[in-house]
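Note sheet for the following structure.
Naming convention: chains lettered A, B, ... in sequence-line order (proteins, then strands); numbering from 1 in each chain.
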Number of protein chains: 2
Amino acid sequence: MDRQEIIELLNLRGIQPSAQRVAIAQLVLGTDEHPTAEQVWQKASESLPVVSRATVYNTLNLLTENGLLRRHALKGVSSVFDGNPEAHHHFVDEETGELRDIPWDALEVSGLETLPDSEITGYMVVVRGRRRNPTTDKIAQRSRKEGAT
Amino acid sequence: MDRQEIIELLNLRGIQPSAQRVAIAQLVLGTDEHPTAEQVWQKASESLPVVSRATVYNTLNLLTENGLLRRHALKGVSSVFDGNPEAHHHFVDEETGELRDIPWDALEVSGLETLPDSEITGYMVVVRGRRRNPTTDKIAQRSRKEGAT
DNA sequence: TTCTAAGTTTAGAATTAGTCTCTCTTGCAT
DNA sequence: ATGCAAGAGAGACTAATTCTAAACTTAGAA
């Protein structure tokens, strides 16, 4: 995802595309990973002469409010941010705390219609377990990327 | 759930039933709510002359390790503790942040077998939405629902 | 171009959630 | 009763995140 695309994305929601915001957005939206705020700050520090942690948090929160990002509080203490706001499920590796996406279509949930007294705006499945084979996993990730718009 | 029951529960797992532990366990196991550690600490402070936050955390973690409790990191930053260790799903009220249980049998997830390279130890569905007006709705829903518990 | 006002960013202080470590108790053997 | 080891608890500490107030940018009007 290049700089220009990011700028347009921000403009579209009336967010001033400052240098910091563009850089931070690019870091998080352009990856499959689920970085913590701290990780984003470190990477941002490389490309920008100076960034404050507060700016990183402000920006991540801003992007989250605007639906470009999703925030998850699954891993230990610190939240992770997810550049893929499409609906998807999650796999949490119990050993490492790592978070992986599970494509929406991989799982199906039935019975939601029967929940009483509630208006459902969304749902997801959180699967917990251990990753068995790291090698084949890279392939799985790669094939997921191909399908992106 | 009364004091004596709690003490027996603790003894059964070889946990020394100290005054603090019993009080804390009673607070969390005796409710349907999903309090945060902070909330537990505040309530515990009412019944005990002095309790440290650390004791609350120690005890909650101890109970969690012993399967009497479950810890969830779904709501904002802080974890909530769940006195119902049976497997179940969750409903998050988007307006209040409130967490409600959904019985395990209410929902069914299919497709888990097909997840590649992972050994699954557990899963749950997190449903997000708004609770509709409970009074008017219960009636409407009940007529559709019939024989549920 | 210059001025102004609004919006952004910064460093660091403040707040919160959660853990560590050291001290105090308790239970038990003597 | 007495002393010791294991377990429990309190307060200090750390890490994550937000807040604050001042400095800086930017967009647009004059």
Tell me every residue that passes ring-ring contact (aromatic ring centres under 6.0 Å, His included) with B/His88, counting only those two or more places apart in sequence or in another chain. B/His90

Stretch residues 42-60 of chain A: residues that reach within less than 4.0 Å of DNA chain C through a heavy atom: A/Val50, A/Val51, A/Ser52, A/Ala54, A/Thr55

Mind checking B/Gln20 for me? I need base, sugar-phosphate or nothing, with any heavy atom below 4.0 Å counting as a touch. sugar-phosphate

Report the residues that fulfil ring-ring contact (aromatic ring centres under 6.0 Å, His included) with B/Tyr57, sequence neighbours left out, ordered by chain and then residue number. none

Between D/dG7 (P) and B/Glu65 (CD): distance, integer Å: 13 Å

Distance, rounded to the nearest Å, where B/Leu10 contributes CG and D/dG7 contributes C1': 14 Å

Tell me which pairs pass ring pair (Phe, Tyr, Trp, His ring centres under 6.0 Å) where either residue lies in residues 102-124 of chain B, with sequence neighbours left out. B/His89-B/Trp104, B/Trp104-B/Tyr123

Whole angstroms only, please: what is the CZ-P distance between B/Arg21 and D/dG7? 10 Å

Outermost DNA chain C nucleotides near chain B [under 4.0 Å, heavy atoms]: C/dA17 to C/dC20

Would the distance check show the side chain of A/Gln39 and the main-chain N or O of A/Thr36 forming a donor-acceptor pair, the cut-off being under 3.5 Å? yes

Presence of A/Ser79 side-chain N/O under 4.0 Å of D/dT17 phosphate oxygens OP1/OP2: yes

Side chains of A/Arg71 and A/Asn61, donor plus acceptor under 3.5 Å: yes

CD1 of A/Ile15 versus P of D/dT26: gap in Å, rounded? 17 Å

D/dG28 C1' sits how many Å from A/Gln16 CD, rounded? 12 Å

What's the shortest heavy-atom distance between A/Trp41 and A/Val51, and which atoms? NE1-O, 3.1 Å

Go through the structure and list residues passing ring-ring contact (aromatic ring centres under 6.0 Å, His included) with B/Phe91, not counting sequence neighbours. none

With distance as the sole test, does A/Thr121 use its side chain to make a donor-acceptor pair with the main-chain N or O of B/Arg128 at under 3.5 Å? yes

